[in-house]
Amino acid sequence: ADFVGDSLALSQKAAKVDAKIIVFAGVKFMAETAKILSPKSKVLLPDLNAGCSLAECCKFDDFKKFIDQYPNHKVVTYVNTTADIKSLSYICCTSSNAVKVISSIPLNNPIIFAPDRNLGNYLKALTKRDNMIVWDGACHVHDQFSLERILKLKEEHPNAKFIAHPECPKPILTIADFIGSTQDLLAFTEKDLSSEYIVATEVGILHQMVRSNPSKTFIPAPPNDSTCACNECSYMKLITLKKLYLTLKYELPQIEVEKSLIDLARIPIERMLELK
């Protein structure tokens, strides 16, 4: 990779890149975001089926009907959404900057947050926004962690700190020693003095954690499925080295977004990127 980062960092990079071709080794909503921010570039995705459970649970027609019921609400959407959902939004956010985004909206202005209910309810409590309405969606990775199995792990590893992504359900977050975005979790493990961590987020990040902290131990938090040791994103795992090679060789598949949709979807993304 020429660049590795979380959703916010990748969005910022996509807004600045001047390459003729951008190959996104990730999921479709981020490749769409790159196309929206760099419309003159050819944006390639190794597998068009690499979607996102959050994006899938928030369909345009359903969401349009939902927000039409609340005409005075500012619509804040997680970057894990399709381009057409972004086109209905006032501003986008990532887990890294969600608090900053919510705080940028006046307290007396009601908010609709979509699509992740766990992140939305976490933000609602953290920012004390009683006037926030949360769409009922969830990430299939973070929503399936087992509280019972995590508590057992904590008993087996009494010195381990339990860290969690805010897309996890409230019972999981309640027992966490630290809550943060993917980048925040990584930064925490680099600065914290503990030597052992139980990590409740997509298991792929443990590779990066081990690279940054080779002397520390990282244990993936277990899911509800007792036959599995960890939670994986089935969509992200569709991106393989072979598919990446074929994409680079043939410059396919290509992400296409209509110009009219690009013009609308760019506005909430740029509002997010402009926040200091």
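Counting from 1, the numbers follow the sequence of the chain as shown.
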At their closest point, which heavy atom of [X] faces which heavy atom of [Y], and how far apart are they?
X	Y	answer
M272	C92	CB-O, 3.3 Å
A176	I179	CB-CG1, 3.9 Å
A1	V4	CB-CG2, 3.8 Å
E167	C139	OE1-CB, 3.1 Å

Within a strict 4.5 Å, meaning less than it, do heavy atoms of the [X] and [Y] side chains meet?
X	Y	value
L147	I172	yes
L88	V75	no
F24	L44	no
E270	I91	no

* **Intermediate values then yes/no, side chain to side chain donor-acceptor pair (under 3.5 Å), S96 and D6** => CA-CA 8 Å; S96 294; D6 64 2; 2.7 Å; yes

What donor-acceptor contacts under 3.5 angstrom involve side-chain atoms of residues 249-258, with partners at least two apart or in another chain?
unit_1, atom_1, unit_2, atom_2, d
E251, OE1, K42, NZ, 2.8
Q254, NE2, E256, OE2, 3.4

More than 12 heavy atoms of other residues, nucleotides or ligands under 6.0 Å from [atom1] of [X]: is that the case?
X	atom1	result
D2	CG	no
K243	NZ	yes
F178	CZ	yes

* Mark yes or no for whether S87, through its side chain, and D84, through its backbone, hold a donor-acceptor pair below 3.5 Å. => yes

* So, does N109 use its side chain to make a donor-acceptor pair with the main chain of P106 at under 3.5 Å? ->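 Between the backbone of P106 and the side chain of N109 there is no qualifying donor-acceptor contact (under 3.5 Å).
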
* To do: List the steps and the verdict of salt bridge (Lys or Arg N to Asp or Glu O under 4.0 Å) for R266 and D263.
  => CA-CA 6 Å; R266 185 190 292 123; D263 292 341; 3.8 Å; yes

* Trace of the side chain to side chain contact (heavy atoms under 4.5 Å, CB included) decision for N80 with D116 -> CA-CA 9 Å; N80 302 47; D116 190 283; over 6 Å; no

* Asked: Can you tell me if H165 and S181 form a side-chain donor-acceptor pair at under 3.5 Å?
  -> no

* Structure fact -> Sorted by chain and residue number, the side chain to side chain contact (heavy atoms under 4.5 Å, CB included) partners of P220 (sequence neighbours excluded) come out as V203, L206, C230

* Asked: Quick one: are the ring centres of H140 and Y235 less than 6.0 Å apart?
  -> yes

* Asked: Only one of N49, V43, D47, L48 forms a side chain to side chain contact (heavy atoms under 4.5 Å, CB included) with L45, so which one is it?
  ->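 By the side chain to side chain contact (heavy atoms under 4.5 Å, CB included) criterion, L45 pairs with just one of N49, V43, D47, L48: L48.
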
* Structure fact -> By side-chain hydrogen bond (donor to acceptor under 3.5 Å, both in side chains), K237 pairs with (sequence neighbours left out) E202

* **side-chain hydrogen bond (donor to acceptor under 3.5 Å, both in side chains) involving R117 - partner list, sequence neighbours excluded** => D136, D143

* Asked: Can you list every pair that meets salt bridge (Lys or Arg N to Asp or Glu O under 4.0 Å) and has a residue in residues 175-197, with sequence neighbours left out?
  ->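 Residue pairs passing salt bridge (Lys or Arg N to Asp or Glu O under 4.0 Å), neighbours aside: K161-D192.
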
* To do: Please collect all salt bridge (Lys or Arg N to Asp or Glu O under 4.0 Å) contacts where either partner lies in residues 208-229, sequence neighbours excluded, each pair once.
  =>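 As it turns out, there is no salt bridge (Lys or Arg N to Asp or Glu O under 4.0 Å) pair with a partner in residues 208-229 once direct neighbours are skipped.
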
* Check ion pair K64-D68 (N to O, under 4.0 angstrom) -> yes

* Same cluster (ILVMFWY, side-chain, under 4.5 Å), I21 and I262 -> no

* Examine V79 and L275 and state if one hydrophobic cluster contains both, with Ile, Leu, Val, Met, Phe, Trp and Tyr joined whenever side-chain heavy atoms are less than 4.5 Å apart. =>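 Same cluster: V79 reaches L275 through Ile, Leu, Val, Met, Phe, Trp or Tyr contacts under 4.5 Å.
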
* Please state whether the rings of F63 and F66 are parallel, tilted or perpendicular, taking 30° and 60° as the class boundaries. =>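 The rings of F63 and F66 lie parallel, inter-plane angle below 30°.
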
